[in-house]
Amino acid sequence: EVYTAIVDLENLLKTEFILMETLQNYIQQQERKLDLLKKQVAIYSIEYEKARADPTEYFANPINAYLLVKRLTADWKYTENLLKNDIYQEMTNNLTDLQDNIKFPTDEDLSGAAVALTRLQDTYNLDTQSIARGELNGVKYSTELSSDDCFELGRQSYFNEDFYHTVLWMREALRKHDTEQNNTNTFKWEILEYLAFSVYMQGNVRLAFKLTEELLSMYPNHERAKGNLEYYRNIIDNEEKSKRKKGEDEELAMIDDEGEIENVASPPQGLTSTERAKYEMLCRKEIELPISITSKLKCRYVNKGKPYLLIAPLKEEEALLDPRIVLYREVMSDAEIETIQTLAKPRLKRATVQNQKTGELEVAHYRISKSAWLKDDDHPVVAAVRRRVEDITSLTVETAEELQVVNYGIGGHYEPHFDFARKDEVNAFKSLGTGNRIATALFYMSDVKQGGATVFPPLNLALWPEKGSAAFWHNLHSSGIGNEQTRHAACPVLTGSKWVSNVWLHERGQEFLRPCDPNDMNRDFS
Ligand SMILES: O=C(O)CCC(=O)C(=O)O
Ligand SMILES: [Fe+2]
C-alpha cells in the first residue's frame with residue numbers, strides 16, 4: 001500500500017537507487033567479461049589466419065603445432081569457464097538478499113497507483129492524450145508516457161474490470177505504438193487483444209470484430225483471437241437474423257458500419273451520481289458560492305476572551321454563515337508542523353473506516369490516505385495543538401479524540417461522508433463513552449499544488465488547503481442531531497502532497513460550553 005502516501009514513495013526512491021547500482025555493477029562485470037572474450041577471439045583469429053595462409057609451413061614449426069593444441073584445450077577451457085561464469089546468478093543472489101532489506105512496491109501498489117491515476121482523470125476531467133504527454137490541467141509535470149506505459153495502465157484497468165479506462169488507455173497505447181515501433185516491448189496485437197475485448201464489454205461487437213480481424217492479420221495463429229472472432233461473428237449474425245425477421249432490412253444496410261464506440265464509464269459506486277457530479281465539480285472549482293452569500297462573510301481578529309490571545313489574536317475568517325464554518329489563519333507554525341510530521345511518519349498506516357453494518361474498522365477505496373494518531377504525551381507540540389483547539393472553539397478537548405495526522409498520496413482522497421455517527425450505525429464511538437463527534441477541527445499542514453480541497457457538496461462550499469490554517473465546524477445541531485449539511489469530502493490530490501491533522505470533539509463535557517441555539521429547528525425536546 002505504498003501508493004497511499006507520498007512519504008513512502010520517497011522510500012521507494014532509495015530502492016530504485018540500489019537497483020540502479022546493482023544493475024550498473026552487473027553491466028560493468030559483463031563488460032569486463034566481454035572484453036576478455038574479445039581478446040581471446042582476437043588471439044585465436046591472428047593465429048588462425050597465419051595457419052590458414054600456409055598450413056604446411058605453419059605446422060612445420062613444432063611450437064605452432066603445440067600452440068594450436070593448447071588453444072583448443074587449455075585456452076578453450078579458460079574461455080569456456082569465462083562463458084560459464086554466472087554473473088547473473090551472483091547478481092540474483094545479491095538481489096534476493098537485498099529484497100529482504102529494501103522496500104519494494106507490490107502488484108497491489110501498481111494496481112492502486114493506476115486506479116489513482118484514472119480517478120484523477122475522471123475527477124479533474126483530464127483527457128487521456130494530455131496525461132500521456134505528462135500534463136495535468138495544462139501544466140507539464142513529468143516525462144511523456146510511452147506506448148508501454150499506456151498499455152500497462154490499460155492492463156491494470158482491465159484487471160479491475162474497468163473496461164472504460166481500458167479502452168481509453170489501450171487506444172492511446174495503440175496511437176503511440178505506431179510512432180515508437182522500435183522502442184516498445186509490447187506487440188501491437190497484444191494491445192489489439194485487450195482493446196477488442198474491452199470494446200466488446202462496452203457493447204460494441206462490430207468494432208470488437210474488426211479489431212480482432214486486424215489482430216489476426218498480424219498473428220494468424222492466435223488461437224484465442226480465432227475463437228473470439230467466431231464468437232463475435234455469431235452474435236452479429238444472430239442480431240442480423242432477428243432484425244431480418246422483424247423485416248428491418250433498411251436498417252441492416254447501415255449496420256455494416258462498426259461506428260464510434262460509446263465508451264461510457266460504469267455507474268459510480270456508493271454515491272448517487274448527482275452527488276458525485278456535484279462533488280467533482282466542486283473539486284474542479286466549477287461551482288463557487290454566489291456573491292449574495294460571500295459578500296456577507298467577514299474576517300476579524302478574535303481573542304475569545306482569553307488574555308493571552310489579546311497579544312496574538314486569532315485571525316478568523318468566515319467561510320460560511322449557515323451552518324457556520326470558519327477558517328483560522330496561521331494557527332500552526334512550520335516548526336510545529338515539522339515536529340508533528342516527524343512524529344507521525346513512522347506510524348502512518350492506511351486509514352480505515354467503520355463498516356456501518358458490523359462496526360468493524362476496514363480499509364475502503366473511498367478513503368485513501370495514511371494516518372497516525374498522536375497523544376498529548378507523545379510530544380509537547382501535540383498537547384499544545386490540542387489546547388489551541390480549545391482556544392479556537394471554546395469547547396473542551398478533555399473528551400476529544402487523539403490528534404489524527406493524515407497524509408494523502410497520489411490520488412489520495414476521502415469521498416463525501418459525515419464525521420458524526422448516525423443513529424443506525426453500529427457501535428459508533430460507543431467504546432469511547434463520550435457521545436457523538438460534536439465538532440471537527442481540521443488543520444492544514446501543507447499547501448497543495450493542485451486539487452485536495454475540502455468540499456461540502458450540500459453547501460456548494462470548497463475550502464482550499466493553506467499551510468498553517470485550520471477549519472472548524474459543528475457536526476451536530478444543538479439538539480444533538482447530526483447536521484446533514486456538514487457532509488464533506490477531501491478531493492483527490494492532483495499534484496503535490498497533502499498533510500492535514502484533525503481533532504474531533506465529542507459531546508460529553510460541552511454541556512455548559514456550547515450555547516443553546518433557540519432557532520435550531522431540529523431541537524429534540526423529547
Ligand atoms: O482532508 C480533508 O480535507 C478532510 C478530511 C476529512 O474529512 C476527515 O478526515 O474526516
Ligand atoms: Fe471528515
Side-chain angles (χ1 to χ4, degrees), residues 6 116-131 133-142 265 268 270-299 315 317-329 366-369 406-417 419 440 442-473 485-500 502:
I6 294 281
L117 208 50
T118 53
R119 182 186 310 121
L120 290 174
Q121 180 171 16
D122 294 345
T123 310
Y124 295 105
N125 265 344
L126 309 174
D127 87 281
T128 313
Q129 278 195 37
S130 314
I131 303 179
R133 277 198 303 270
E135 283 174 23
L136 297 174
N137 266 352
V139 187
K140 183 153 173 81
Y141 283 102
S142 60
L271 306 180
T272 65
S273 48
T274 26
E275 184 174 30
R276 181 172 298 275
K278 184 100 165 274
Y279 159 49
E280 294 184 347
M281 281 174 83
L282 279 162
C283 291
R284 294 195 295 266
K285 239 186 199 167
E286 284 172 12
I287 305 180
E288 284 180 355
L289 285 174
I291 305 243
S292 58
I293 290 186
T294 52
S295 61
K296 297 199 177 75
L297 302 173
K298 294 198 177 68
C299 312
K315 290 181 184 154
E317 197 176 305
E318 292 165 342
L320 199 70
L321 295 178
D322 186 24
R324 189 169 171 80
I325 298 177
V326 280
L327 286 164
Y328 293 91
R329 302 295 184 190
Y366 58 84
R367 183 181 189 188
I368 296 184
S369 59
V406 186
N407 178 223
Y408 297 87
I410 319 168
H413 70 148
Y414 193 177
E415 289 191 352
H417 64 277
D419 280 354
T440 299
L442 173 68
F443 289 89
Y444 294 106
M445 305 204 300
S446 67
D447 298 315
V448 183
K449 279 210 195 89
Q450 286 196 66
T454 310
V455 299
F456 296 72
L459 303 170
N460 286 340
L461 174 68
L463 306 176
W464 295 89
E466 189 186 296
K467 193 176 180 189
S469 290
F472 176 74
W473 67 88
Q485 290 195 301
T486 62
R487 192 168 168 84
H488 60 280
C491 296
V493 172
L494 182 54
T495 47
S497 166
K498 180 183 174 188
W499 283 88
V500 299
N502 38 26

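Any value given below was found using the heavy atoms of this structure, including those in side chains, with hydrogens, waters and symmetry copies removed.
Remark: the backbone N or O of Tyr408 is not paired with any side-chain donor or acceptor of Lys498 at under 3.5 angstrom. When atom types are taken as modelled, the side chain of Tyr366 and the backbone of His413 share no donor-acceptor pair closer than 3.5 angstrom. Between the side chain of Lys278 and the backbone N or O of Pro457, at least one donor-acceptor pair lies under 3.5 Å. Checking side-chain atoms of Arg119 against main-chain N and O of Gly411 turns up a donor-acceptor pair under 3.5 Å. Side chain of Glu318 to main chain of Lys298: a donor-acceptor pair is present (N/O by atom type, distance under 3.5 Å, no hydrogens or angles).
Qualifying side-chain hydrogen bond (donor to acceptor under 3.5 Å, both in side chains) partners for Tyr279, counting only residues two or more places apart in sequence or in other chains: none.
To the nearest 0.5 angstrom, Asp322 atom CG is 8.5 Å from Leu459 atom CG. Cys299 contributes atom SG, which lies 4.5 Å from atom CD of Glu317 (distance to the nearest 0.5 angstrom). Of the inter-residue distances, the one linking Gln450 atom CD with Lys285 atom NZ reads 10.0 Å to the nearest 0.5 angstrom. In this structure, NZ on Lys296 lies 8.0 Å from CG on Leu321, to the nearest 0.5 angstrom. Atom CG of Leu327 and atom CG of Leu442 lie 9.5 Å apart (nearest 0.5 Å). Leu126 contributes atom CG, which lies 4.5 Å from atom CD1 of Ile131 (distance to the nearest 0.5 angstrom).
Taking all atoms of both residues into account, the shortest heavy-atom contact from Ala489 to Pro416 is CB-N, 3.4 Å. Of all heavy-atom pairs spanning Ala471 and Leu463, the tightest one is CB-CD1, 3.8 Å. The shortest heavy-atom contact between Leu289 and Leu461 is CD1-CD1, 3.7 Å.
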Next item on the list: Please report the C-alpha distance between Asn407 and Ser369 in whole Å, then the side-chain angles of each, then the deciding distance to 0.1 Å, and finally whether the side chain to side chain donor-acceptor pair (under 3.5 Å) criterion is met.
Entry: CA-CA 6 Å; Asn407 178 223; Ser369 59; over 6 Å; no

Next item on the list: Kindly indicate, with the supporting measurements, whether the criterion salt bridge (Lys or Arg N to Asp or Glu O under 4.0 Å) is fulfilled by Arg367 and Glu415.
Entry: CA-CA 6 Å; Arg367 183 181 189 188; Glu415 289 191 352; over 6 Å; no

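Residues Tyr414 and His488 form no side-chain contact, since every pair of their non-hydrogen atoms from C-beta on lies 4.5 Å or further apart. The side-chain heavy atoms of Thr454 and Pro465, taken from C-beta on, include no pair separated by under 4.5 Å. For the pair Phe472 and Ile325, the minimum side-chain heavy-atom distance is 4.5 Å or more. Using a 4.5 Å cut-off on side-chain heavy atoms (C-beta onward), Ser469 and Tyr328 make no contact. In this structure the side chain of Leu494 never reaches within 4.5 angstrom of the side chain of Lys449, judged on heavy atoms.
Side-chain atoms of Thr486 and Asp419 include no donor-acceptor pair closer than 3.5 Å.
Within the 6.0 Å centre-distance limit, the rings of Phe456 and Trp473 are counted as a close aromatic pair.
Looking at Arg487 and Glu275, a side-chain N of the basic residue comes within less than 4.0 Å of a carboxylate O on the acidic one, giving a salt bridge.
Each of Thr123, Val455, Asn125, Ile287 was checked for a side-chain contact (heavy atoms from CB on, under 4.5 Å) with Met281, and the lone residue meeting it is Ile287.
Remark: Lys467 is not positioned above the aromatic ring of Trp499, lacking an NZ or CZ atom under 6.0 angstrom from the ring centre and at most 45 degrees off the axis.
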